[in-house]
Amino acid sequence: MEFDPSAIEAKWQQKWEEAKIFETDLKKAKDPFYSLVMFPYPSGDKLHVGHWYNFAPADSAARFMRMKGKDVMTPMGFDAFGLPAENYAIKSGIHPDTSTRTNVQTMVKQLKRMGCMYDWSKMVNTSTPEYYRWTQWLFLQMYEHKIAYKKEAPVNFCPSCQTVLANEQAQDGTCDRCGTTVIQKNLNQWFWKISQFAQRLLDGLKDLAWPAKTKIMQENWIGRSEGINFQERVKDLNIEFEVYDSIPQTFLAQTFTVIAPDHPLVSKLVSGTSYEKPVMEFVERIRKKKLAAKFKIEEESEGIFTGRYVDNPFGTGDLPIWVCSYVLADYGTGIVNCSAHDERDFAFAKKYDIPLKIALLPQDPALAEKVKNFEVFYREPDGIIQVPEVALGMTWEQSRKRIIDYIEGKGYGQVRVHFRLRDWLISRQRYWGAPIPIVYDPEGKPHPVPEKHLPWLLPTDVAFKPTGKSPLTESKEFIERTEKLFGKGWTPEFDTMDTFVCSSYYYLRYLAEGDEKHLVDPTIEKRWMPVSMYIGGPEHACMHLIYARFVMMALKDFGFVSHEEPFKKLVHQGLITNKGAKMSKSKGNVVSPDSLVERHGSDAFRMYLMFMGPFTEGGDWSDTGIKGIDRFVKRIHAMFTSNVNKKVDQSQVLASLHRTIKKVTEDIEALRFNTAISALMELLNLLEQEGGVSSETAKTFTLLLAPLAPHLAEELWESLGGKGFVIEQRWPMFDPKLTKASTHIIAIQVNGKLRGEIEVDAGASKEDVLSKAKAHPNVQKFLTGEVKKEIYVAGKLVSLVV
RNA sequence: GCCAUGGUGGCGGAAUGGUAUACGCGCGCGACUCAAAAUCGCGUUCCCGCAAGGGAUUGAGGGUUCAAGUCCCUCCCAUGGCACCA
């Protein structure tokens with residue numbers, strides 16, 4: 001029979017759809033398994049190999065879980081708001097809503113051609129009013145619970161995208177979307193208080209089955225640091241302030257104090273003194289420098305003396321106060337006491353000839369060398385100042401607690417915890433996003449749009465020219481609507497929300513099945529959350545994956561959900577590159593899956609992607625290897641449609657079959673698809689050698705194949721006379737007794753080198769095996785002298801030492 | 001600089017401390033064919049050898065062990081992440 005993958009795949013996709021076997025009844029499910037992949041952005045570039053590499057193996061894992069008896073639900077949707085559609089509109093004049101709808105349609109068609117078991121009845125599209133009314137509802141909840149707030153602050157601004165960005169989206173000083181260097185601007189913007197959840201976000205990580213790497217990245221991003229806040233006074237001025245110090249071990253070595261240029265205290269320090277002019281000029285110069293681009297580490301730090309001193313409470317002398325370019329106003333208190341122990345402080349002091357001291361005997365010999373000419377504290381017995389119980393030779397960490405206790409005891413300061421995590425800046429000066437549901441009264445005071453007015457519709461009478469102002473300011477309809485509903489002189493908020501807000505809760509909306517009254521039914525949420533397995537790229541570690549956790553925690557606090565964490569298990573698929581480079585339109589090295597699917601079929605294409613190498617490691621694209629899978633698929637088809645000719649298989653075949661069941665089961669469970677496929681290849685090779693197979697074994701093979709090549713497996717299942725769909729069958733069990741072969745090949749080593757092989761019965765005794773091994777002619781050649789040691793590893797090898 | 005992961009044939013890669021190089025690609029030879037493609041069979045880590053067999057080999061060097069790709073130490077290289085956070 002001629003083998004035509006396209007025809008087979010079309011046939012089964014239609015049958016699956018007609019039978020609605022992938023539509024999950026959320027209420028009836030007994031043993032829920034929520035399988036989720038990060039939903040795609042509906043771009044004009046359509047589905048690419050990266051999507052396939054993410055979705056197809058995820059589908060194989062989900063199919064496997066279904067055959068294992070779970071009630072599996074795998075939804076699909078579109079993260080449809082965002083810049084590309086808007087930029088496309090600017091170029092082409094086509095409204096983003098139109099292009100997005102077209103792209104969604106195309107991608108749905110492509111996704112259906114993949115043949116994954118998506119439950120399309122639960123699809124979401126974040127750019128539709130039915131969806132974004134919940135994005136707005138979420139904002140209102142955040143506003144009501146005082147997590148959403150507006151403030152003027154220095155923020156990241158992308159000059160190319162003409163919008164502000166969250167810290168997470170400007171991580172290396174460049175825009176996450178376009179790579180342009182971001183600049184700092186002082187703007188009045190909406191923030192969500194994610195920083196309030198910092199400790200919980202940190203604590204929650206430890207119970208998650210996530211890649212260690214991802215957890216570490218979030219930990220670093222949250223950046224917990226414990227230290228001490230010192231209360232200090234400016235000498236000759238009635239000004240008090242706090243200084244944060246995360247290494248209080250060195251407090252006695254501090255010789256100067258630095259303050260951030262944009263700290264409000266700076267002008268007060270120099271006001272009316274001869275230092276005022278140069279210091280304020282310095283501040284202005286640094287401000288301009290930061291405006292041009294985010295500061296780079298390589299840039300040398302600069303500073304200027306303010307003429308003021310800290311009235312040092314520790315009695316180690318007054319510390320001169322410097323304004324210094326490397327100090328951050330929004331971390332700690334924006335003021336730092338410095339010593340020789342910090343590399344940067346050390347370099348700064350050297351540059352400006354500020355005296356240095358060191359505390360304790362440094363553990364680091366290089367530092368000891370560098371500062372050997374400076375005064376050393378804590379040295380016993382001639383130490384100048386001694387902290388009780390801090391002894392010479394103690395390590396940094398050992399002395400830390402005692403010094404902290406000492407400082408707190410003396411009343412110099414209190415223990416404080418600081419986080420690096422900043423509040424999430426959610427406003428964007430762009431069109432294609434969910435409007436922020438806020439209106440301003442004629443005095444400019446913000447008011448939430450009442451829930452009954454949701455969805456607060458995105459106006460359509462807007463031209464898409466980037467002006468640096470929010471495009472919504474152009475909409476007459478938007479302004480008229482606001483005045484009509486709220487009164488003369490009222491204006492709407494013109495900014496839209498970050499698209500990461502839309503994606504921070506979409507996994508809940510899949511479960512809502514279009515419910516217009518509730519975000520999600522609490523009983524269904526309780527049953528189905530957290531997501532059982534979430535698969536997506538690692539690039540979201542400190543963006544989507546942290547926002548989603550935060551939103552879930554907030555929703556729990558508000559009483560809408562019962563779980564704190566959205567994703568119990570997380571897996572990152574690897575990256576598929578082309579000639580070593582990331583695939584991108586600009587590089588022109590994007591591989592389109594469509595023609596490959598056309599030529600080889602969805603089954604072969606997905607199996608090839610899985611066979612390339614370990615799922616989490618990705619790899620470099622090459623289409624030469626797909627031939628091997630093509631052959632494999634054809635050979636399977638030939639074998640099980642025309643060589644099912646035996647009543648019973650030999651014990652050797654049975655043993656191989658059961659070993660294969662074991663291996664494929666364990667491999668798919670651990671997402672090792674590559675070795676699962678190679679195990680099936682080995683079994684097929686054996687069956688071909690045998691010249692045929694029993695119907696029983698053919699059926700079992702088909703079941704094992706079902707998660708990996710779902711269409712082909714259905715076809716074979718049907719032709720083998722199986723009842724129902726193969727995907728609805730139970731996953732085969734292996735019999736441990738049958739996995740054992742009746743004879744073993746034993747390797748014989750002499751002095752660690754392989755010298756021969758013998759075949760023995762499985763039940764052979766150690767003595768029999770050893771004597772047979774020693775009788776092997778080639779082994780005898782090397783048994784020169786007395787055998788000192790004999791090791792027998794049952795069923796595997798004999799090791800002789802002479 | 002710091003943290004993490006990795007380094008195995010011509011290539012993708014496989015290997016609970018127990019026969020390194022499974023499986024696949026590619027390549028070589030053969031069968032089928034007028035011929036080619038497809039398909040099938042045999043071979044394929046490297047070196048010596050007609051063969052039997054021997055020697056070498058998992059980034060480099062040491063160590064533990066009857067036995068090390070795997071465990072320990074030192075180093076080299078690659079990839080990813082972090083890096084003015086005091």
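Because only heavy atoms are used, hydrogens play no part in the values below, and waters and symmetry mates are left out as well, while side chains stay in. In what follows, chains are A, B, ... by sequence order, proteins preceding strands, each numbered from 1. Note that the structure is predicted; figures quoted are calculated from it, not measured.
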Complement of [N], any strand, by Watson-Crick or G-U distances under 3.5 angstrom:
N: B:A83; value: none
N: B:A14; value: none
N: B:C27; value: B:G43
N: B:U58; value: none
N: B:A78; value: B:U5
N: B:C71; value: B:G63
N: B:C32; value: none

Can you see if the side chain of [X] gets near the phosphate of [N] - specifically, an N or O under 4.0 Å from OP1 or OP2?
X: A:N685; N: B:G24; result: yes
X: A:R755; N: B:A67; result: no
X: A:R631; N: B:C25; result: yes
X: A:N674; N: B:A14; result: yes
X: A:Y331; N: B:A86; result: yes
X: A:S246; N: B:A86; result: yes
X: A:K627; N: B:G26; result: yes
X: A:R420; N: B:A83; result: yes

Aromatic rings [X] and [Y]: how do their planes relate, parallel, tilted or perpendicular, breaks at 30° and 60°?
X: A:F348; Y: A:W322; answer: perpendicular
X: A:F615; Y: A:Y53; answer: tilted
X: A:F701; Y: A:F640; answer: tilted
X: A:H637; Y: A:F3; answer: tilted

Counting heavy atoms from C-beta on, name the nucleotide in [options] closest to the side chain of [X].
X: A:E682; options: B:A86, B:A14, B:A22; value: B:A22
X: A:F611; options: B:C66, B:C23, B:A83; value: B:C23
X: A:M681; options: B:G53, B:G24, B:U19; value: B:G24
X: A:L797; options: B:A86, B:A14, B:U19; value: B:U19

Rounding to a whole Å, what distance do you find between [X]:[atom1] and [N]:[atom2]?
X: A:M217; N: B:A83; atom1: CE; atom2: C1'; answer: 13 Å
X: A:Q218; N: B:C82; atom1: CD; atom2: C1'; answer: 14 Å
X: A:Q689; N: B:G41; atom1: CD; atom2: P; answer: 9 Å

If we take the [atom1] atom in both [N] and [M], what is their distance in whole Å?
N: B:G80; M: B:C72; atom1: C1'; value: 26 Å
N: B:G7; M: B:A51; atom1: C1'; value: 37 Å
N: B:A52; M: B:G41; atom1: P; value: 23 Å
N: B:G13; M: B:U58; atom1: C1'; value: 13 Å
N: B:G9; M: B:C46; atom1: P; value: 12 Å
N: B:G59; M: B:A20; atom1: P; value: 16 Å
N: B:G18; M: B:A68; atom1: C1'; value: 10 Å

Over all strands shown, is [X] touching base, sugar-phosphate only, or nothing at heavy-atom distances under 4.0 angstrom?
X: A:V793; value: base
X: A:E790; value: nothing
X: A:K215; value: nothing
X: A:I677; value: nothing
X: A:P614; value: sugar-phosphate
X: A:S799; value: base
X: A:N778; value: sugar-phosphate
X: A:V327; value: base
X: A:F348; value: nothing

For [Y], is there an ion pair with [X] - N to carboxylate O distance below 4.0 angstrom?
X: A:K774; Y: A:E790; answer: yes
X: A:D262; Y: A:R287; answer: no
X: A:K662; Y: A:E666; answer: yes

Let me know which of A:E408, A:E226, A:E242 forms a salt bridge (Lys or Arg N to Asp or Glu O under 4.0 Å) with A:R416.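 Checked A:E408, A:E226, A:E242 against A:R416; only one passes salt bridge (Lys or Arg N to Asp or Glu O under 4.0 Å): A:E242.
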Considering only heavy atoms and no angle criterion, is a donor-acceptor pair shorter than 3.5 Å present between the side chain of A:K796 and the base of B:U16?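 Result: at least one qualifying N/O pair found.
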Starting at the 5' end of RNA chain B and moving along, which residue's nearest nucleotide shows up first, A:A679 or A:K789? A:A679
Closest nucleotide of RNA chain B for A:E688 versus for A:Q749: which of these residues is on the 5' side? A:Q749
